[in-house]
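Okay, so here's the structure we're looking at.
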There are 2 protein chains.
Amino acid sequence: MPELPFTLDQLRILKAIAAQGSFKKAADILYVTQPAVSLQIQNLEKQLEITIFDRGGRKALLTEAGTLLLEYCERILNQCDEACKAIEDLNSLKGGTLVIGASQTTGTYLMPRMIGLFRQKYPEVSVQLQVHSTRRTGWSVANGQIDLAIIGGQLPGDLENLLQVIPYATDELALVLPAKHPLSNKKELLKEDLYKLNFVTLDSQSTTRKVVDKLLKDSGLDIQRLKIEMELNSLEAIKNAVQSGLGASFLPVVSIERELDAGTINKVSIADLEVKRELKLITNPSRYTSKASEVFKKNILPQFASLESPLRHIEI
Amino acid sequence: MPELPFTLDQLRILKAIAAQGSFKKAADILYVTQPAVSLQIQNLEKQLEITIFDRGGRKALLTEAGTLLLEYCERILNQCDEACKAIEDLNSLKGGTLVIGASQTTGTYLMPRMIGLFRQKYPEVSVQLQVHSTRRTGWSVANGQIDLAIIGGQLPGDLENLLQVIPYATDELALVLPAKHPLSNKKELLKEDLYKLNFVTLDSQSTTRKVVDKLLKDSGLDIQRLKIEMELNSLEAIKNAVQSGLGASFLPVVSIERELDAGTINKVSIADLEVKRELKLITNPSRYTSKASEVFKKNILPQFASLESPLRHIEI
DNA sequence: TATTTGAATAACTAAAATTTATGGAGATTC
DNA sequence: GAATCTCCATAAATTTTAGTTATTCAAATA
């Protein structure tokens, strides 16, 4: 090893002697014996080819070279202390960045609340939320750009194996109708009733739309026969459209809590049909997990998870 | 020992890995084996309770904590390098201060030339010249305020034992007369001729004056009978007085070289009387000797020493 | 002069880093 | 897609380094 001419311990000893004015006192405050101190200083002097202390008199006095070295010594040790503090802060979540990925729905309605809770507990950790498609989010988690993400759609097969996918919550996609719609006060609709409705939907590329289409098809409905009034690319826009009486839609319940409370939208169930999807937590097990990420997973997510979620019971 | 959470070697390894992107390459550069690098990083990670490198992919990538640590790491190592350079400079006489003591005469006529030569060789060492009485110079050497000094007088007894005193050169105190003085073209004066002269002398406290008085008295002269025209406290003033024809004086030859060449002053020898004193080099053997001081003693002083000086022959 | 105090030294012990040798996991090559 | 290559981790043994106890030495104090 192409050696450095000194060690941090030697610098610490140097500093202590300079402060105490004595090898013995320095040894005492460093909790070592006096010879240990003597030897280390001798090594230091040998390696730097200088004399550091004048051991003549009552006190150990710094020579010119010693004074020079002490200046650097103090700077170096201060930097070390700072480094330690910074690392401690990072460990105790007083710093760092947590990057969270989410799809449109969770990113808009779920994440803000979660992140709010997290930031309340750990205000010094900055959190970044990236809302992307399921596919892109998956890739970002895979290559470490995102620490953890919640997705509602299906991952491409290769990613599915690479990443850790944990069922997190069930998101109901409820059929919602304008408050004044003739069918909106019925207790339960029949599947066939859907053909009578005009739909306002997300555009056909969106994950949520795909999920809904698939579920309806799987339940035996002919989705070609469903009348689509218009396709919009924003849940908020759809909500407004529904509230304005333009049509019906399948929307995540998390996105319409306020409207249901206000009664401006009605949610109607359908016989023999549950439009639900699994929200899944994805992480990259082969990558470094930051403390912030761990804490978010362990402490924040479970509070918002549905009862069946493994996160409720399992230590992750 | 209340330990530091890392060593400089660990930081060096961290830096190398970050630069090379690989444990193995870092090991090669540092001339150690790969396991040594791995283990040190593992220790570092354990002690700081962080993960520093992401060993997943092709390259070893820094984690967030690793990036943070690296910043401090570079700063710390830079400071270390600087410290080394500063010490090297000091060792190779590219810095530091040399404090030289001298009495009036040597300080005025000898030292400037010596220091000039020294500064020519080692321009980065700053030199400080302190002109004081022999006694005060002795004390300053004793307590380390002066690295080395040349004195012409006698040290107090206690200091004489404490310090190292090396005969350095012989300083002739020549009798000088105004160029136009009636006796000035005589080859040699008799002691009795001195009673006919008017003297311009240094004040009676000065070392040189004391030395001259003692030597004259020792040679059998009655110094009370010598006529003293005036006492001045500066050799230059005396020289001017002599040149102006105000009287004679005993002056160190080193101080009148130019005037002798110019013929404005005549130097006259006296039968059976040599007014000479030993110039002595004094140092403090129980104190740290700076490189600059060593070099001055070994390389500069001998060039100005008289032939009999031990400095010519003896390794100090 | 005797005593005390602080630092140096020596011999021994404990701890730490380094090496050699080996195993495993992910890329690379044919 | 099996074989190979690279790179990192691990284990055991070795060397190096740091630390301790016991003692000596020198200077300062009383």
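Throughout, protein chains are lettered first and strands after them, A, B, ... in sequence-line order, and every chain is numbered starting at 1. Here the structure is a predicted model, which means the values were calculated and not measured.
Within the 4.0 Å cut-off from OP1 or OP2 of D:dT20, not a single side-chain nitrogen or oxygen of A:Gln34 is found. An OP1 or OP2 oxygen of D:dA9 is reached within less than 4.0 angstrom by a side-chain nitrogen or oxygen of B:Ser38. The phosphate of D:dA9 (OP1 or OP2) has a side-chain N or O of B:Arg55 nearer than 4.0 angstrom. Contact annotation: A:Asn43 does not reach the phosphate of D:dT17 (side-chain N/O to OP1 or OP2, under 4.0 Å). For D:dG19, neither phosphate oxygen OP1 nor OP2 lies less than 4.0 angstrom from any side-chain nitrogen or oxygen of A:Thr33. Considering only side-chain N and O atoms, B:Ser22 lies under 4.0 angstrom from the phosphate OP1 or OP2 of D:dC8. Residue B:Gln42 places no side-chain N or O under 4.0 Å from the OP1 or OP2 atom of D:dC8.
When the P atom of D:dT17 is taken as reference, atom CD of B:Gln10 falls 16 Å away, rounded to whole Å. Per the geometry, CZ belonging to B:Arg287 stands 14 Å off C1' belonging to D:dA27, to the nearest Å. For A:Tyr31 and D:dT20, the OH to P distance is 14 Å, given to the nearest whole Å. As a whole-Å value, the separation of B:Leu39 CG from D:dT15 P is 18 Å. Atom CZ of B:Phe23 is separated from atom P of C:dA25 by 18 Å (rounded to the nearest Å). Atom CG in B:Leu162 sits about 14 Å away from atom C1' in D:dA28, given to the nearest Å. Distance A:Gln40 CD to C:dA8 C1': 15 Å, rounded to the nearest Å. With rounding to whole Å, A:Ile17 atom CD1 is found 13 Å from C:dA8 atom C1'.
Each of B:Pro35 and B:Lys25 lies near DNA chain D, and the nucleotide nearest B:Lys25 is the one positioned closer to the 5' end.
Taking the charged nitrogens against the carboxylate oxygens, B:Arg12 and B:Asp9 do have a contact shorter than 4.0 Å, which makes a salt bridge. With salt bridges taken as basic N to acidic carboxylate O contacts below 4.0 Å, one links B:Arg55 and B:Glu45. A salt bridge does not link A:Glu160 to A:Arg135: none of the charged nitrogens lies less than 4.0 Å from a carboxylate oxygen.
Within the structure, no pair that satisfies the ring pair (Phe, Tyr, Trp, His ring centres under 6.0 Å) test touches residues 60-99 of chain A, not counting sequence neighbours.
Nearest heavy atoms, A:Thr51 versus A:Ala65: O-CB, 3.9 Å.
Direction change of the helix axis from one end of the helix from C:dT1-D:dA30 to C:dC30-D:dG1 to the other is 30°, with five pairs defining each end axis (rounded to 10°).
Between the side chains of A:Ser126 and A:Thr97, at least one donor N or O lies within less than 3.5 Å of an accepting N or O.
Across B:Gln40, B:Gln34, B:Gln42, a single residue satisfies side-chain hydrogen bond (donor to acceptor under 3.5 Å, both in side chains) together with B:Ser38, and that is B:Gln34.
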